[in-house]
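Worth saying up front: this structure is predicted, and the values here are computed from it rather than measured.
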Amino acid sequence: MSKKLKAGILGGTGMVGQRFVSLLENHPWFEVTTIAASPRSAGKTYEEAVGGRWKMDTPMPESVKNITVKNVNEVEEVASSVDFVFSAVDMTKEEIRKIEEDYAKTETPVVSNNSAHRWTPDVPMVVPEINPEHMKVIDFQKKRLGTKRGFVAVKPNCSIQSYAPVLTAWKEFEPYEAVATTYQAISGAGKTFRDWPEMEGNIIPYIGGEEEKSEKEPLRIWGEIKDGVIVPAKSPLITCQCIRVPVLNGHTAAVFVKFKKNPTKEQLIKALWNYKGLPQELLLPSAPKQFIQYLEDDNRPQVALDVNYENGMGISVGRLREDTIYDWKFVGLSHNTVRGAAGGAVLCAELLKAQGYISEKQ
């Protein structure tokens with residue numbers, strides 16, 4: 001591509017916003033030209049606005065340090081300078097729903113990391129390898145919003161990335177019931193150990209709203225478009241517990257599954273290795289070449305060894321064993337702020353560009 005699309009980041013000073021900035025450095029299709037945040041950050045350079053709160057392992061890209069941060073509430077001004085935006089704003093759900101639609105109504109596509117629109121019936125919630133066809137609901141959303149190119153698309157919660165792709169890969173064996181316990185990193189709360197010292201050596205057995213998301217969002221991803229809205233699937237039924245653990249990055253899931261068919265271990269592992277989706281076929285820039293890997297060692301996957309598999313965009317699975325109550329059990333691992341947040345949204349934006357939904361503003 002000779003000319004990159006101009007991307008804005010709404011909520012660019014927070015942890016997910018910083019991850020967007022980091023991932024989009026030297027992106028072949030997109031260039032961060034605009035960063036918007038709260039009124040208190042507006043008018044400062046990005047470097048000044050973030051100050052000592054840069055939370056990424058890699059340095060702040062030189063290309064964004066001197067960008068003057070705009071007020072995210074000045075929708076028309078922000079929208080006028082970009083082809084599309086990523087959203088990682090920190091507001092109430094009602095405020096997020098409104099501001100994302102306000103941006104869409106300026107004919108600016110919005111690719112959101114937030115949960116506010118995940119259950120808006122005509123907003124696609126997409127893991128690009130699983131349900132890229134859900135982007136077609138955008139055409140119905142545009143009619144509701146009265147737009148030609150503006151819309152909102154979202155990615156699902158970070159907690160489901162370590163098991164929903166696995167259950168999708170096993171769809172031919174008809175999983176119908178699953179129990180998942182997720183062990184979730186503190187960066188999922190936008191924190192580091194410096195911000196949250198009480199998490200060191202600690203476990204908190206509650207993450208607000210997370211269990212409902214973990215149980216329900218996979219069903220929406222597996223659903224279908226009917227009469228212009230996404231209708232969730234009815235199975236497999238999933239029950240979850242979500243636990244915060246003293247890990248910086250990486251959500252681990254321990255999962256038990258029942259199948260209507262009777263797969264062998266070899267069949268299940270082969271299905272994982274063979275599973276791929278549209279991002280792999282289209283060779284999208286952020287797509288992992290191998291979406292799911294299976295690790296034979298009994299002590300894998302481990303956060304320390306495996307969280308950055310495929311640059312944090314791949315899923316690692318291990319400890320697949322027959323169970324005495326359920327049929328099979330396994331452990332999955334995904335990077336919660338890359339695949340589970342900003343990276344998943346970047347991949348959605350790449351898919352939307354490839355499908356023709358995001359293009360240069362005329």
(request) Identify whether Val317 and Leu167 are in the same connected component of the hydrophobic contact network (ILVMFWY, side-chain heavy atoms under 4.5 Å). (result) yes
(message) Regarding Thr182 and Gln184, do their side chains bring together a donor and an acceptor under 3.5 Å, going by distance alone?
(response) yes
(request) Would you please say whether a donor-acceptor pair under 3.5 Å links the side chains of Asn249 and Ser187? (result) yes
(message) Assess, by modelled atom type and distance only, whether the side chains of Thr92 and Glu95 contain a donor and an acceptor separated by less than 3.5 Å.
(response) yes
(message) Within 45 degrees of the ring normal and closer than 6.0 Å to the centroid, is that where the cationic atom of Lys265 sits relative to Trp328?
(response) no
(message) Between Phe30 and Phe84 (judged by ring centroids, cut-off 6.0 Å), do the two rings come close enough to count as a pair?
(response) yes
(message) Is there a path of hydrophobic side-chain contacts, each under 4.5 Å between heavy atoms, that joins Ile67 and Trp54?
(response) yes
(message) In terms of relative ring orientation, are Phe291 and Tyr275 parallel, tilted or perpendicular, with 30° and 60° separating the classes?
(response) tilted
(request) May I ask you to check whether Thr181 and Gln241 show a side-chain donor-acceptor distance below 3.5 Å? (result) no
(message) Check whether Lys361 reaches the backbone of Ala79 with its side chain - one donor and one acceptor, N or O, closer than 3.5 Å.
(response) yes
(message) As a test of understanding, state which of Arg144, Lys142, Lys143 forms a salt bridge (charged side-chain N to carboxylate O under 4.0 Å, His left out) with Asp122.
(response) Arg144
(message) Does the Lys NZ or Arg CZ of Lys258 fall within the cation-pi geometry relative to Tyr326 - under 6.0 Å from the ring centre and within 45° of the axis?
(response) yes
(message) Testing the 3.5 Å rule here: is there a donor-acceptor pair between the side chains of Arg19 and Thr337?
(response) yes
(message) Running the 4.5 Å side-chain criterion over Ile, Leu, Val, Met, Phe, Trp and Tyr, what cluster does Ile243 land in, apart from itself?
(response) Tyr183, Ile203, Val245, Val247, Val303, Val307, Leu333
(request) Working to the nearest 0.5 Å, report the span between OG of Ser214 and CD of Gln161. (result) 10.5 Å
(request) Run through Lys216, Glu217, Glu210 and flag the one making a side chain to side chain donor-acceptor pair (under 3.5 Å) with Asn157. (result) Glu210
(request) Tell me yes or no: between the side chains of Glu100 and Asn114, is some donor less than 3.5 Å from an acceptor? (result) yes
(message) List the residues meeting salt bridge (charged side-chain N to carboxylate O under 4.0 Å, His left out) with Lys191, not counting sequence neighbours, and say none if there are none.
(response) none
(request) Answer yes or no: does atom CD of Glu212 have more than 12 heavy-atom neighbours from other residues, nucleotides or ligands under 6.0 Å? (result) no
